[in-house]
Participant: 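Pasting a structure here, questions to come.
Not measured: the values here are computed from a predicted model.
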Amino acid sequence: MTTYYPDQRYAANLTLIRRECVLPEEAAGQINVGEGKRVDVRDVVARGQVPNRHIIIDAAKRLGLRNPDELPALMQVDLGVAVDEQQVLAGKNPKRGKRVFAPVRGIVMAVQDGTIILQQMPQKVELEAGVRGRVTGIIPGRGVVIEAVGAQMQGVWGNDKRSIATLRIEPEDGIETFVASEFDLRFVGAVILTTRPISQMTLDVMRERNFVGIIAPSADASLLDSLLAAKGPILLTEGFGGAKMSLSVFRLLAQYDGQQVTVDAHLPSRWEARRPEVIVNLAARADERPARPNPMLALRQNMTVRVTRDPYAGQTGKVLDLPKSPVLLPNGLRVLCARVELVAGEVTHIPLANLEVLGR
């Protein structure tokens with residue numbers, strides 16, 4: 001059989017982590033540390049500014065105006081004035097009825113043809129290291145490369161937010177129980193680990209209780225806009241749909257309940273191999289420093305793998321055999337497969353394209 005190199009998703013209690021810590025693409029910035037310097041989790045390694053942009057608001061349409069020339073008389077703020085997010089910009093009455101609100105903090109630059117042009121305030125960005133390690137490279141104007149030792153778990157999807165906070169396992173009855181019960185102070189400012197798919201109520205509780213973030217197995221695709229709009233990081237370990245969290249992933253994360261974690265809920269892109277991830281900084285003895293992960297890991301017997309597609313999506317197992325010839329599947333297709341023993345004990349043939357290695 002031809003050597004097969006599957007996708008890898010790191011899930012390890014102790015591994016050498018090589019992490020690119022970079023500013024947003026649109027930001028112009030400067031680097032605060034030099035190569036070889038040791039950094040801690042909260043150290044600021046780069047600072048930058050995201051250039052301001054102009055937002056055009058169709059105020060006449062929102063107010064139901066037939067004549068766009070009526071808009072200037074309905075303005076509640078003057079030109080050149082700085083306004084806060086959700087401040088009333090226009091309307092017959094600033095307290096009720098149809099009104100136009102500022103979507104962001106900015107300056108009112110113009111009112112013309114029924115539109116309001118708002119210039120967003122420049123956004124300052126301070127980039128924290130997120131891990132405890134040593135700077136091994138500099139990316140001019142963008143950020144740094146850091147090597148660290150710790151636990152690492154890579155997910156499938158993230159909402160492009162990032163935070164450092166204490167990890168807490170959800171209550172036995174789920175996050176939603178916070179609505180009807182007295183709030184436990186242990187969860188204040190925490191990242192919540194849940195084994196249940198995210199619902200709209202989950203997001204509502206996150207906002208009301210000021211959770212820093214959520215690590216969950218899955219969410220319905222209809223919630224995509226709400227997930228992206230959440231203030232804190234949301235990381236899905238299995239992807240969209242109703243999948244449950246892999247037992248091996250839950251066990252890996254659950255042992256760090258109460259410890260500080262870095263949740264980098266990177267939004268996947270077809271142009272880069274970077275994945276959303278959770279990192280726990282751990283102290284390693286000199287004699288147990290882990291080896292660097294091998295990105296070119298060939299599939300072989302006794303490897304732990306995760307199934308990425310139905311009917312076994314999300315389940316993990318061990319590779320028992322790699323047949324040299326294609327296997328005839330129940331759907332009539334004949335493809336190259338691995339013979340896998342799933343954690344539940346079932347032994348089945350899984351197409352190689354439907355497997356990923358839980359790299360260590």
Participant: Say whether, by atom type as modelled, one donor and one acceptor occur between the side chain of Arg18 and the main chain of Leu16 under 3.5 angstrom.
Facilitator: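 It does not hold such a pair.
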
Participant: With side chain to side chain contact (heavy atoms under 4.5 Å, CB included) as the test, would you mind laying out the steps for Lys92 and Leu74 before giving the verdict?
Facilitator: CA-CA 6 Å; Lys92 290 183 179 180; Leu74 299 177; 3.8 Å; yes

Participant: Provide the closest heavy-atom pair for Gln301 versus Asp321 in the form atom of the first, atom of the second, distance.
Facilitator: NE2-OD1, 3.5 Å

Participant: Less than 4.5 Å apart, side chain to side chain, heavy atoms only: is that true for Gln119 and Ile117?
Facilitator: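 Contact flag for Gln119/Ile117 side chains = no.
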
Participant: I need the minimum non-hydrogen distance between Ser248 and Thr316, along with the two atoms involved.
Facilitator: OG-CG2, 3.6 Å

Participant: On a heavy-atom basis, which atom in Leu267 and which in Gly158 lie closest, and how many Å separate them?
Facilitator: CD1-O, 3.1 Å

Participant: Do you know which two heavy atoms are closest between Arg62 and Lys98, and how far apart they sit?
Facilitator: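 Minimum heavy-atom contact is O-CD, 4.0 Å.
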
Participant: Is there a side-chain contact between Pro24 and Val125 in this structure, where contact means two heavy atoms from C-beta onward sitting under 4.5 Å apart?
Facilitator: yes

Participant: With hydrophobic residues grouped by side-chain heavy-atom distances under 4.5 Å, do Leu352 and Val340 end up in a single group?
Facilitator: yes

Participant: Using atom types as modelled and distance alone, determine if a side-chain donor or acceptor of Arg196 lies under 3.5 Å from a backbone N or O of Ile175.
Facilitator: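 Not confirmed, Arg196 side chain does not pair with Ile175 backbone.
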
Participant: Measuring from atom CD1 of Ile192 to atom CD of Glu170, what distance do you get when rounded to the nearest 0.5 angstrom?
Facilitator: 8.5 Å

Participant: Looking at CZ of Arg9 and CD of Glu277, how far apart are the two atoms once the value is rounded to the nearest 0.5 Å?
Facilitator: 12.0 Å

Participant: Using a strict 4.0 Å threshold on nitrogen-to-oxygen distance, state whether Asp43 and Lys37 make a salt bridge.
Facilitator: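 No, no charged N to carboxylate O under 4.0 Å.
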
Participant: I'd like to know if Leu223 and Phe240 are part of one continuous hydrophobic network [Ile/Leu/Val/Met/Phe/Trp/Tyr, side-chain heavy atoms within less than 4.5 Å].
Facilitator: yes

Participant: Under 4.0 Å between a side-chain nitrogen and a carboxylate oxygen: does that hold for Glu341 and Lys318?
Facilitator: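 No salt bridge links Glu341 with Lys318.
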
Participant: If you count heavy atoms of other groups shown closer than 6.0 angstrom to CZ of Arg339, is the number above 12?
Facilitator: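 Open: at most 12 neighbouring heavy atoms sit under 6.0 Å from CZ of Arg339.
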
Participant: Kindly compute the distance separating NZ (Lys231) from OG (Ser163), expressed to the nearest 0.5 Å.
Facilitator: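 Rounded to the nearest 0.5 Å, the NZ-OG separation comes to 13.0 Å.
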
Participant: Hey, what do you get for CD (Gln76) to CZ (Phe101), rounding to the nearest 0.5 Å?
Facilitator: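 So the gap between those two atoms works out to 10.5 Å.
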
Participant: Before you tell me yes or no, could you show the steps for Asn210 and Val188 under side chain to side chain contact (heavy atoms under 4.5 Å, CB included), namely the whole-Å CA-CA distance, both residues' side-chain angles and the distance that decides it to 0.1 Å?
Facilitator: CA-CA 7 Å; Asn210 293 317; Val188 173; over 6 Å; no

Participant: Would Ile215 and Leu167 count as a side chain to side chain contact (heavy atoms under 4.5 Å, CB included) if you check the C-alpha gap in whole Å, the side-chain angles of each, and the deciding distance to 0.1 Å?
Facilitator: CA-CA 9 Å; Ile215 303 170; Leu167 181 69; 3.9 Å; yes

Participant: Can you find a pair of side-chain heavy atoms, one from Val45 and one from Ile31, that are under 4.5 Å apart?
Facilitator: no

Participant: Would you call Asp160 and Leu228 a side-chain contact if the rule is heavy atoms closer than 4.5 Å?
Facilitator: no

Participant: Sub-3.5 Å donor-acceptor pair from the side chain of Gln315 to the main-chain atoms of Val343, do we have one?
Facilitator: no

Participant: Going by atom types only, do Gln120 and Arg53 share a side-chain donor-acceptor pair under 3.5 Å?
Facilitator: yes

Participant: May I ask you to test the Ile279-Asp264 pair for a side-chain heavy-atom distance under 4.5 Å?
Facilitator: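 Side chain of Ile279 against side chain of Asp264, heavy atoms only: no contact under 4.5 Å found.
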
Participant: Okay, side chain of Arg309, backbone of Ala353: is any donor-acceptor separation there less than 3.5 Å?
Facilitator: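 Side chain of Arg309 to backbone of Ala353, a donor-acceptor pair under 3.5 Å: yes, one is there.
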
Participant: Would you say the side chain of Leu118 lies within less than 4.5 Å of the side chain of Val83, judging by non-hydrogen atoms?
Facilitator: yes

Participant: Linking I/L/V/M/F/W/Y whenever any side-chain heavy atoms sit under 4.5 Å apart, do Val205 and Ile214 land together?
Facilitator: yes

Participant: Could you go step by step and tell me if Val357 and Tyr5 meet the side chain to side chain contact (heavy atoms under 4.5 Å, CB included) rule?
Facilitator: CA-CA 9 Å; Val357 173; Tyr5 297 91; over 6 Å; no

Participant: Could you point out which residue of Val131, Asp40, Ile164, Ile17 forms a side-chain contact (heavy atoms from CB on, under 4.5 Å) with Asn281?
Facilitator: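 Only match with Asn281 under side-chain contact (heavy atoms from CB on, under 4.5 Å): Val131.
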
Participant: Which distance, rounded to the nearest 0.5 Å, do you find between the CG of Leu23 and the CD of Gln49?
Facilitator: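 Taking CG in Leu23 and CD in Gln49, the distance rounds to 11.0 Å.
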
Participant: Do Val261 and Leu253 sit in one hydrophobic cluster, given that two such residues count as connected whenever their side-chain heavy atoms are within less than 4.5 Å of each other, even indirectly?
Facilitator: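 Yes, it is one cluster - the side chains of Val261 and Leu253 are joined through contacts under 4.5 Å.
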
Participant: Between Arg47 and Glu126 (salt bridge meaning N to carboxylate O under 4.0 Å), is one present in this structure?
Facilitator: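 Salt bridge: yes.
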
Participant: Could you check whether Ser222 and Asp220, counting side-chain N and O atoms only, form a donor-acceptor pair closer than 3.5 Å?
Facilitator: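 Result is yes, a qualifying pair exists.
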
Participant: Side-chain contact, heavy-atom cut-off 4.5 Å: Pro6 with Arg306?
Facilitator: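 Not in contact.
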
Participant: Is Ile55 reachable from Met75 through a run of hydrophobic residues whose side-chain heavy atoms are each under 4.5 Å from the next?
Facilitator: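 Same cluster: Met75 reaches Ile55 through Ile, Leu, Val, Met, Phe, Trp or Tyr contacts under 4.5 Å.
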
Participant: Taking CZ in Arg105 as the centre, count heavy atoms belonging to other residues, nucleotides or ligands within less than 6.0 Å. Is the count above 12?
Facilitator: no

Participant: Grab the two heavy atoms, one from Ser218 and one from Gly242, that are nearest each other, plus how far apart they are.
Facilitator: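 Of all heavy-atom pairs spanning Ser218 and Gly242, the closest is OG-C, 3.5 Å.
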
Participant: Between atom CZ of Arg134 and atom OG1 of Thr136, what is the distance when rounded to the nearest 0.5 Å?
Facilitator: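 Interatomic distance, Arg134 CZ to Thr136 OG1, rounded to 0.5 Å: 6.5 Å.
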
Participant: Check this for me: Ile56, atom CD1, are more than 12 non-hydrogen atoms of other residues, nucleotides or ligands nearer than 6.0 Å?
Facilitator: no

Participant: How close do Ala102 and Asp84 get, counting heavy atoms only, and between which atoms?
Facilitator: CB-O, 3.5 Å

Participant: May I ask you to test the Leu203-Ile234 pair for a side-chain heavy-atom distance under 4.5 Å?
Facilitator: yes

